[in-house]
Asks: 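Supplied in structure tokens, the structure appears directly below.
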Amino acid sequence: MTDSPSKVSRFLMQATLGADKQLIDQVSKIGIKKWLQKEFEAPVAQSNTYQNQTKEIWQYFRQRLVNKHGQKAIDGDGNNPALPYKWYFHMAWWQQTLGNQEHLLRQRVAQALSEILVISDNSSLELDAVGMASYYDLLYNHAFGSYVDLLYDVSMHPCMGVYLSHMNNRKADPSANIHPDENYAREIMQLFSIGLYELNLDGARKLDASGAPIPTYDNRDIKELARVFTGLKAHSYQFEWTNSFWNSDFNGYEVSFEDGIEKTYKTVPFVEMTKPMSVDEAYHDRAPKSLLGNHIKLAGNQPGQQEIREVVERLVAHPSTAPFIARKLINQLVTSNPSPEYIESVARRFGKTGNLKAAVEEVLTFPLKHPVGSKRFAASQVQDGKLIQSQKLKSPVLRITQLLRAFNATNESGRYWMIGDDIQDQLAQHPLSSPTVFNFYKPDYTPHGPIEKMKLLAPEFELHTSATSIAHVNLMYYWFFGAYLPAVSTAISSQPGINNVAELDIDTLSANTQDRLKFDFKQEIELAANPANHDMLIDELSLILTGKTNLPTKPQIKAAFSTYRDHPDWVVETIVFLISISPEFTVLEA
């Protein structure tokens, strides 16, 4: 069964990081459901990982630094070595996003999960891009698997252990004023599973006899759960910055909790950040534990890893987890204001074991027709007998990826190693760079004005400030009229005194013609050469970027290039620029 290009274009804005005309035509021909099935069934090559890509890019730069400055200058005599800084993960992420035409749905779901199970390089993790890439591989590999497996692996990953500080967490020792760190215990409940309040399956808060929402946990529950995450330490610690270490599968040194050296070097960059944390049973609290009104009861005397696994299973099976995570997945992929029926349908598919494949499929295929009273969107969006389409502001990252993929941004070198700083500085977002564990924006954020009056949510608008909204327009102007796309780096720093990072200066990088990204507008320019095609061209570009044709601004777009309608490249640039800054592009209508 085929689907209309307009429907497919809007669907691919939800299900991928961006689609070009070829992909829209392909999915229109085979149908959305068949394409989804192929994406779910596509095997994942274990060699093409974010971790391997990041490590290869880092080693490329490190070797160039060694060649220029010498081995001793890089890692000898106490100098700061050429660490795998955050930019190398940025580069690997963009290489996968722009260079990998497979697993498009998996890429999108992994990115969505990265804004739910948050770690960030706005922390000491900025010193270990390889570790962060390893964490991202968890999201990518588990994207269609079990949420129990994913949440357990996340809990045991050293990046999460460092970010939310349960690495080196010890059981209580009041005589030494030692108490378990409660940070991860709080966030695994509040953000990664049950949420703050008990929920019905449709996402509505359960109420007590007085009509007040019922908290899912209290401070005692946090303290009890913190005892579970004790005894965790890194797989190994790495003290010696030797050439043999950087170029081998060196396993590092095991260090106990009592080791004096460990107290100084117990975090990045001295920690093995790609292997799961282990448990030192001597520092794990093995006493019985009970929390969440006895929903979780642990008998005690269990190995630490077994206890953590059991806790994760019980948290995922909690009645509030399915609707809580269902809403988050819907918010990330489709709409900020799902109806209760929509949440319940996804929650049922998610189930007590956290079936992510079933949940994602339901998120993307829940009834797509929108008559008055549609069950997909919040009832408050039906006003005066008319349906107000579900609208979701695209996050800056999704706007960027959609544009770069829509017009096949490439360069001569084939290395799409975007450093990401220019995007983050302008638009306040980059994957795995959120300011806090609460992500880039609060899930219940609403801007003042009509959206607030309709009692709807619009979380991404928290990033849409006066500064970032103007920056988006300026960025699009530079892209389409100046061919000044995001900076790609394959060179080491040329700045005096800097010998341990890739080149980051935007102006310096833009001079490298082989690395400079360019859009492929060849077909569009050929069409634009004949003014008789201009209406069709506007519709075609609009379909790719907005899922619509015959935009209400079409007359204004034509007027904007009327004085140079015989310059086809300028015509195309003007059309794409004006669509890219339009509400129809920046706001996704499902």
Asks: If you measure only the distance, is there a donor-acceptor pair under 3.5 Å linking the side chains of H90 and D121?
Replies: yes
Asks: Using only heavy-atom distances, determine whether the side chains of Y197 and T216 contain a donor-acceptor pair under 3.5 Å.
Replies: no
Asks: Side chains of N183 and H166: is there a donor and an acceptor less than 3.5 Å apart?
Replies: no
Asks: Answer whether the closest heavy-atom distance between the side chains of F192 and M160 falls below 4.5 Å.
Replies: yes
Asks: Only counting residues at least two apart or in another chain, list the ones meeting side-chain hydrogen bond (donor to acceptor under 3.5 Å, both in side chains) with Q46.
Replies: none
Asks: Within the 4.5 Å heavy-atom criterion, are F144 and L356 side-chain neighbours or not?
Replies: no
Asks: Does any donor atom in the side chain of Q51 or E56 lie under 3.5 Å from an acceptor atom in the other side chain?
Replies: no
Asks: Could you list the residues that satisfy ring-ring contact (aromatic ring centres under 6.0 Å, His included) with Y140, not counting sequence neighbours?
Replies: Y50
Asks: Looking only at side-chain N and O atoms, does T274 offer a donor or acceptor that is under 3.5 Å from a partner on E272?
Replies: yes
Asks: Side chains of Q111 and R108: donor-acceptor distance under 3.5 Å anywhere?
Replies: yes
Asks: Rounded at 0.5 Å granularity, tell me how far OG1 in T54 sits from CZ in F89.
Replies: 6.0 Å
Asks: Using side-chain heavy atoms (C-beta onward) and a distance below 4.5 Å, is L113 in contact with L150?
Replies: yes
Asks: Applying side-chain hydrogen bond (donor to acceptor under 3.5 Å, both in side chains), can you list everything that pairs with H284, at least two apart in sequence or on another chain?
Replies: T230, E307
Asks: Decide whether H157 and S134 meet the rule of one side-chain donor and one side-chain acceptor closer than 3.5 Å.
Replies: yes
Asks: Assess the side chains of S120 and S123: does a donor N or O sit below 3.5 Å from an acceptor N or O?
Replies: no
Asks: Is it true that E39 and R106 make a salt bridge, defined as a side-chain N closer than 4.0 Å to a carboxylate O?
Replies: no
Asks: Any side-chain donor paired with an acceptor under 3.5 Å for N337 and T335?
Replies: no
Asks: What I want to check is whether the side chains of Q306 and E310 have a donor and an acceptor closer together than 3.5 Å.
Replies: no
